[in-house]
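Reading through the structure tokens given below for one structure.
A, B, ... follow the sequence lines: proteins, then strands. Residue 1 opens every chain. Heavy atoms only: backbone and side chains are in, while hydrogens, waters and symmetry mates are out.
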Number of protein chains: 4
Amino acid sequence: MSRGINKVILIGNLGVDPEVRALPSGDSVANLSLATSETWTDKTSGESRERTEWHRVVLFGRLADIAAQYLHSGSKVYIEGKLRTRQYQAQDGGERTVTEVVVDVTGTLQMLDSRASGATERSGASESPSRSSPTTALPASRSTPARGRGRTNAQTKRAPTSDFDDAIPF
Amino acid sequence: MSRGINKVILIGNLGVDPEVRALPSGDSVANLSLATSETWTDKTSGESRERTEWHRVVLFGRLADIAAQYLHSGSKVYIEGKLRTRQYQAQDGGERTVTEVVVDVTGTLQMLDSRASGATERSGASESPSRSSPTTALPASRSTPARGRGRTNAQTKRAPTSDFDDAIPF
Amino acid sequence: MSRGINKVILIGNLGVDPEVRALPSGDSVANLSLATSETWTDKTSGESRERTEWHRVVLFGRLADIAAQYLHSGSKVYIEGKLRTRQYQAQDGGERTVTEVVVDVTGTLQMLDSRASGATERSGASESPSRSSPTTALPASRSTPARGRGRTNAQTKRAPTSDFDDAIPF
Amino acid sequence: MSRGINKVILIGNLGVDPEVRALPSGDSVANLSLATSETWTDKTSGESRERTEWHRVVLFGRLADIAAQYLHSGSKVYIEGKLRTRQYQAQDGGERTVTEVVVDVTGTLQMLDSRASGATERSGASESPSRSSPTTALPASRSTPARGRGRTNAQTKRAPTSDFDDAIPF
DNA sequence: TTTT
DNA sequence: TTTT
């Protein structure tokens, strides 16, 4: 139950590969850096302008696993989640605030790229009764990205995440 | 035109009266602090839990004027806007980052309280051809809040906004 | 899983009390008739115009029970669901088509009226582990509407639904 | 201004080429048939099931022109519009009802396919000050579809629309 | 009628 | 840092 509605809908492209790590519980968490951009014509100068907005997106559980496997820098995705602002300790000892788009069991992730295009996943989807029973949509292997684009560091995607808990959130 | 979708939908209550100020151009800007909350039952302890999320909402132009006039602490509103993260100078000289929900000409504000309930405004609505021609939905006077609740500081709502540009964004 | 996004978001008022019936399985189904309206100024005549749109909303399971208990003609609600168009047999023997907004386990219902205001329910909410274990948010009794407004026919709300399967869908 | 919220968000693929016609005013109207689908596993049989939903989408003005030029059967699009149910005269003389997703000045169309991917258009976008001043995003020629896929009837896409007003709406 |  |  909730009081109020807190909903974010994004369509954009990843600026980097997903950063994925495992929680102590064994569940996965994935962080995405997602770009949306606007272009407009400046009223006075008549020049074309563009502004790119970068969104921090956090995926949990099954969606984090899907992100780890199928998403990479450049991937276009549809995201439905909610806003969460939290405090964290900065390296200078001070407290900082960051706002993220959290995609949990109530959210949605859909890949919009060519081939993979169109597969929406909901964390709480009934067709995935247990985490120990991966569906065809979520094969166990993480080592084969959906669209390689010549990337050779697929395996290292999860390696450097040990420093993901550091003070700087991204 | 834009590349991607950047959309936020909120329903929540204001935690304080809107903070409204005038831009050099004469246009108004209003800042809202909007709460949404979730309650859930902790899986392990079985206890009821609640988390309140506070959202910074920024309204421009006509919507800022409407906020100034009709909204106050406790007001329930529907908001449709977009995420914008920007940097600002903190008082300690360092740079800070804040994420806001911006409601501009493409967004929506709707008051959901009893009497005022249901009036949606879009900044770019065609029935408001010019700022100098207020509609009946936007009477010129700012001094009478829609639901007084005994508030006597209606006029002061715009007064203390001179320091709104300060380093601390809220 | 799904291919594509099919999402409807409505805020409006019920035009009549919910029509609720039980499925053979024992689950409830509730039908709402929900109004949204637009007003605009005619460009040529300058006259003020209004158009009211009536939406057929179908709720299942726990949300249907909540509708039965708490909603009535005039209630303001937030609805998140999906479009479904289906065929049915008209009384003249011909086939007709109707489009509804279906609010199932992936959807949301939130009451926006004064007192009850703000309670959002998701059908698949984890705090409601089983249908046989009603939560405090969903007391078993259906006889006490949240806001009586002097209504005395609370019990009859489910009575006349026997003809709900008829050819005319509303 | 409006009372209530009436919003539809769709991501899906066109089942046929857009049907485009000109209004007496000279403005364009485009009709899309858009598919979204869900797949799930039947709880009892364990079988995989799929249901495809077909949406009638109506675009006006500039968005209709864009649809005429750039969209075709198979195109994937993001749509933001509103529900409108209207009556029309059937060929048997009876009255029928149809529900459509109307994308007008307040709505959004974004093409999600490979190359064209990501270009969102809002009907009322300020960068298009007049219909007589087509932007680069909307070149005057209608004869060259963005992605030909060997289609040879590009020119005929607008030809057969003379019967678009017929009793059967699609 | 689309898509996977 | 993405995309066009």
Side-chain angles (χ1 to χ4, degrees), chain A residues 10-19 31-40 48-57 70-79 110-121 127 135-137 146-147 149 151 168-170, chain B residues 1-6 85, chain C residues 1-6 85, chain D residues 10-19 31-40 48-57 70-79 110-121 127 135-137 146-147 149 151 168-170:
Chain A
L10 302 174
I11 294 178
N13 299 281
L14 304 209
V16 295
D17 288 348
E19 296 196 59
N31 283 259
L32 311 181
S33 186
L34 188 70
T36 59
S37 65
E38 293 179 276
T39 62
W40 69 97
S48 185
R49 304 284 300 275
E50 174 166 7
R51 176 183 162 83
T52 295
E53 193 68 42
W54 288 98
H55 308 274
R56 294 174 47 93
V57 177
Y70 296 108
L71 301 184
H72 54 81
S73 181
S75 293
K76 184 189 288 296
V77 295
Y78 169 94
I79 287 284
Q110 173 156 345
M111 291 171 275
L112 295 175
D113 290 312
S114 49
R115 212 58 33 174
S117 186
T120 295
E121 300 292 344
E127 73 273 19
T135 68
T136 57
R147 298 170 59 223
R149 291 208 318 185
R151 183 159 14 83
I168 300 170
F170 240 69
Chain B
M1 191 175 75
S2 69
R3 304 249 155 215
I5 297 294
N6 175 359
T85 298
Chain C
M1 193 175 77
S2 69
R3 303 249 154 216
I5 298 294
N6 176 358
T85 298
Chain D
L10 301 174
I11 294 178
N13 299 282
L14 304 209
V16 296
D17 287 350
E19 296 195 60
N31 283 258
L32 311 181
S33 187
L34 188 69
T36 58
S37 65
E38 294 180 276
T39 61
W40 70 96
S48 184
R49 304 283 300 275
E50 176 166 6
R51 176 183 163 83
T52 294
E53 193 69 42
W54 288 98
H55 308 274
R56 293 174 48 92
V57 177
Y70 295 108
L71 302 183
H72 54 80
S73 181
S75 293
K76 183 188 291 296
V77 294
Y78 169 93
I79 287 285
Q110 173 156 347
M111 292 172 276
L112 296 175
D113 289 313
S114 49
R115 211 59 32 175
S117 185
T120 297
E121 299 293 343
E127 73 273 19
T135 68
T136 57
R147 298 170 59 223
R149 290 207 320 185
R151 184 164 6 86
I168 300 171
F170 242 70

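What separates CG of A:L34 from P of F:dT1 is a distance of 16 Å, to the nearest Å. As a whole-Å value, the separation of A:N31 CG from F:dT2 P is 18 Å. Atom P of nucleotide E:dT3 and atom CG of D:D113 are separated by 10 Å, given to the nearest angstrom. At whole-Å resolution of the value, CD in D:E50 and C1' in E:dT4 are 8 Å apart. The nearest whole Å value for the distance from the CD atom in D:E38 to the P atom in E:dT3 is 19 Å. In this structure, the NE2 atom of D:H55 is 17 Å from the P atom of E:dT1, given to the nearest Å. In this structure, D:K76 atom NZ and E:dT1 atom C1' are separated by 15 Å, rounded to whole Å. One can place CG of D:L112 at 12 Å from P of F:dT4, the figure rounded to the nearest angstrom.
Within the 4.0 angstrom heavy-atom criterion, base atoms lie near A:T52.
Lacking a ring centre under 5.5 Å from that of the base six-membered ring together with a plane angle below 30°, A:W54 does not count as stacked on F:dT2.
Judged as a side chain to side chain donor-acceptor pair (under 3.5 Å), and not counting sequence neighbours, D:S48 has no contacts. Residues satisfying the side chain to side chain contact (heavy atoms under 4.5 Å, CB included) test with B:N6, not counting sequence neighbours, are A:L10, A:T36, A:E53, A:H55, B:K82, B:L83.
One cannot find a donor-acceptor pair under 3.5 Å joining the base of F:dT2 and the side-chain atoms of A:S73.
In the set F:dT3, E:dT3, E:dT1, the nucleotide with an atom closest to the side chain of C:R3 is E:dT3. Nearest nucleotide to the A:N13 side chain, out of F:dT3, E:dT3, E:dT1: F:dT3. Nearest to the side-chain atoms of A:S37 among the listed nucleotides F:dT3, E:dT3, E:dT1 stands F:dT3.
A pairwise comparison of heavy atoms in D:S33 and D:V16 identifies CB-CG2, 4.2 Å as the closest pair. Across every non-hydrogen atom of D:M111 and D:L71, the tightest pair is CG-CD2, 3.5 Å.
For the atom pair A:W40 CH2 and A:E50 CD, the distance stands at 8.5 Å (nearest 0.5 Å).
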